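In what follows, every chain begins at residue 1, and chains take the letters A, B, ... in the order their sequences are listed. Source: prediction; values computed, not measured.
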There are 2 protein chains.
Amino acid sequence: MADATLRIDRPAKTLRTLALERMREAIMDFHFQPGERLVERPLCDQLGVSRSVVREVLRQLETEGLVQMIPGHGPAVAKPDLGRTDEIYELRALLEGIAAKACATSATDNQIALLDTALAKLLEAWASGVPAEVMRATARFYEVLFEAADKRIAWEIVTGLNVRINQLRSMTILSLNRRDAAIAEMHAIMDAIRSRKPEAAEAAARRHVETAWKIAREALRLGSL
Amino acid sequence: MADATLRIDRPAKTLRTLALERMREAIMDFHFQPGERLVERPLCDQLGVSRSVVREVLRQLETEGLVQMIPGHGPAVAKPDLGRTDEIYELRALLEGIAAKACATSATDNQIALLDTALAKLLEAWASGVPAEVMRATARFYEVLFEAADKRIAWEIVTGLNVRINQLRSMTILSLNRRDAAIAEMHAIMDAIRSRKPEAAEAAARRHVETAWKIAREALRLGSL
DNA sequence: CTCCATAGCATGGTATACCATAAGACGATA
DNA sequence: TATCGTCTTATGGTATACCATGCTATGGAG
C-alpha cells in the first residue's frame, strides 16, 4: 500500500519562487530600507530575471504587506504602520496566548521535547548576540509552539503581523535590558506547558508579548524611528 | 488649508485591479466551483486581458488564499480546508469578541448609530432571503463594528478567515433555523454595546460565532459538503 | 530672476512570443 | 487484453517588446 513517506516533494524550483524568497529575506533583513522605491527594471538586473517574474513577486509581496504600491509612483518597501502597533501587539498577545494554552493542553511529549530544543537554540542565539540569529531562532520557537498547538492558521496570522512590525522587533528583540527578562519569560511559558497548566501558559505567553510591547512603545516614544 | 474631501482618489483603473475584483467576486459567488481549475489562457479570453494580467491577479488571489497552485497542474479555486474550520471559528470568536468589547468601550455615539443602520440593513437582507445580500450585509455590519472598535488589522484578518470558509458560511448563514436565533444574538451584541458593557458585548459576539460554528459543524457532519 | 511651457525620459501597464515539461492519449507488443 | 513506451499537446514559466503617462529638466519669455 502507498506509504506517504514515499512521496517526493518536488523542489520549488521556479525562478519566481526563488526570487520571492530572496526579496522577502532582503526586505526583512533591511537590505532595502523601509520606504525605498523598488523600481522594476533595476530589480530585474539585480535578481537576474525578467520583469514578468519581478512583477509577480512584487504582487505577492504586496498582498503579504511587505511592499506597498505608491499611486503614481510604483512599488516601495512598506513602511511600518506606527498607528497600528498597539493593535498588532494586542493581537499577538491574544494569539500566542491561545497557542500556549492549547500546547499545554494537548502537546505530545515529543513536541515538548522539540520545544525544548528550539528554546535551547534560542538561548544560544541570544548568547551570540547576532540579531538575525535571534530573530530566526525566535520565529522557529514559535513555529514549533503553534505547530504543537495545532494552530496553523494562527501561526500564519502571527507571521503576517510580525512582518508589519519587523522594524520595531529588530530594535527591541535583543535590547540588552530585555534579554534576561525575556529568557525568564520564555522559561515560564515552557514550565507551564511542561506541567500542563493551560491558564498559566496562556498568561505567561501574553506577559511575554506585553513586555515586548512595552519596550517597543518606549522605543517609539524615544522617537528613534 | 487642504480639505481632505477635496482629495480625488484616482479611480483604480488598471486592468489588473478590475480583473482582480472581478475574479474575487466570481470565486466568492461560486461562479467557479471550489477545486475547479483556472487555466490561464481561457481565463484571458473570458476576462479579455492578457496573460500578464491574469497571472498577476492569480498570484494575488493565491496569497489571499482564494486560489491554490496544484503542483504539476496549475492554479485552481481553493478548496476549504475542512481540517481547519474549528481553528478558524475559534479565531473568529476571539477577534470578533475583542472588537465588540472595544466597541462597547470606546465607540462614539455616531458610530453606534452607524452600527444600528447596518444592523437594520442586515435584518432587511435576512427578510429578503437572498443569500448574497445577507452575506454582504453581514460583512458590512462587522466592518462597521471593527471600524468603530478601531481594529482595522483584526478586520483584515477576519476577512481573510472568512474567505477560507466562504463555502460553509454560504450554507449556514441563512439556514432557516438559524435566522431567529441569529437575529437575537445580533441584538444582544448591539444592546451590550449601546449600554457600554464591554464584557457582555464580548461574550455576545463570541456566542454568535459559536452558534454559527455549531451549525457549520452540523452541516459538515451531515456530509453535505 | 522667476515662472511657465515643452520635450524627453523614466517607469509602470499590457500584450505577446517562445520555451520546457508533464499529463494524457494512442499504439505496439507480449 | 493489459502494460509499457512514445508522441502529442495542453499549459505554465520566462523573456521581451511596445505603449501610455507622469515627472523632470532645460530653455525661453516676461
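Classified by interplanar angle (parallel below 30°, tilted 30° to 60°, perpendicular above 60°), the ring pair A:Tyr142/A:His208 is parallel.
For CZ of A:Arg84, the number of neighbouring non-hydrogen atoms (other residues, nucleotides, ligands) closer than 6.0 Å is greater than 12.
Distance, B:Leu15 CG to D:dC19 P: 16 Å, rounded to whole Å. Computed from coordinates, the A:Arg55 CZ to D:dA15 P distance equals 15 Å when rounded to whole Å. If you take CG of A:Leu38 and P of C:dG13, they are 13 Å apart, rounded to a whole angstrom. Rounded to an integer number of Å, the gap from B:Leu20 CG to C:dT14 P is 12 Å. For the pair B:His73 NE2 and D:dA10 C1', the computed distance is 11 Å after rounding to whole Å. Straight-line distance from the CD atom of B:Glu62 to the C1' atom of D:dG13: 14 Å, rounded to whole Å. Spacing between atom CG of A:Leu58 and atom C1' of C:dT14 amounts to 16 Å, rounded to whole angstrom units. Summarising the geometry, the separation between CG on B:Asp45 and P on D:dT11 is reported as 12 Å, rounded to the nearest angstrom.
Heavy atoms of B:Arg51 sit under 4.0 angstrom from at least one base atom. At a threshold of 4.0 angstrom between heavy atoms, the contacts of B:Arg16 are confined to the sugar-phosphate backbone, with no base atom among them.
At the phosphate of C:dA17, neither OP1 nor OP2 sits under 4.0 Å from any side-chain N or O atom of B:Arg41. In this structure, A:Ser50 reaches the D:dA15 phosphate: one of its side-chain N or O atoms is under 4.0 Å from OP1 or OP2.
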Inset, instruction - Begin with the C-alpha distance, continue with both residues' side-chain angles, and end with the deciding distance and a verdict on side chain to side chain contact (heavy atoms under 4.5 Å, CB included) for B:Asn162 and B:Arg92. - result: CA-CA 9 Å; B:Asn162 280 333; B:Arg92 271 190 53 194; 3.3 Å; yes
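Contact annotation: the side chain of A:Leu91 approaches that of B:Ile98 to within less than 4.5 Å [non-hydrogen atoms, C-beta and beyond].
Considering only side-chain atoms of B:Val53, the nucleotide from C:dT14, D:dG13, D:dT16 that sits closest is C:dT14.
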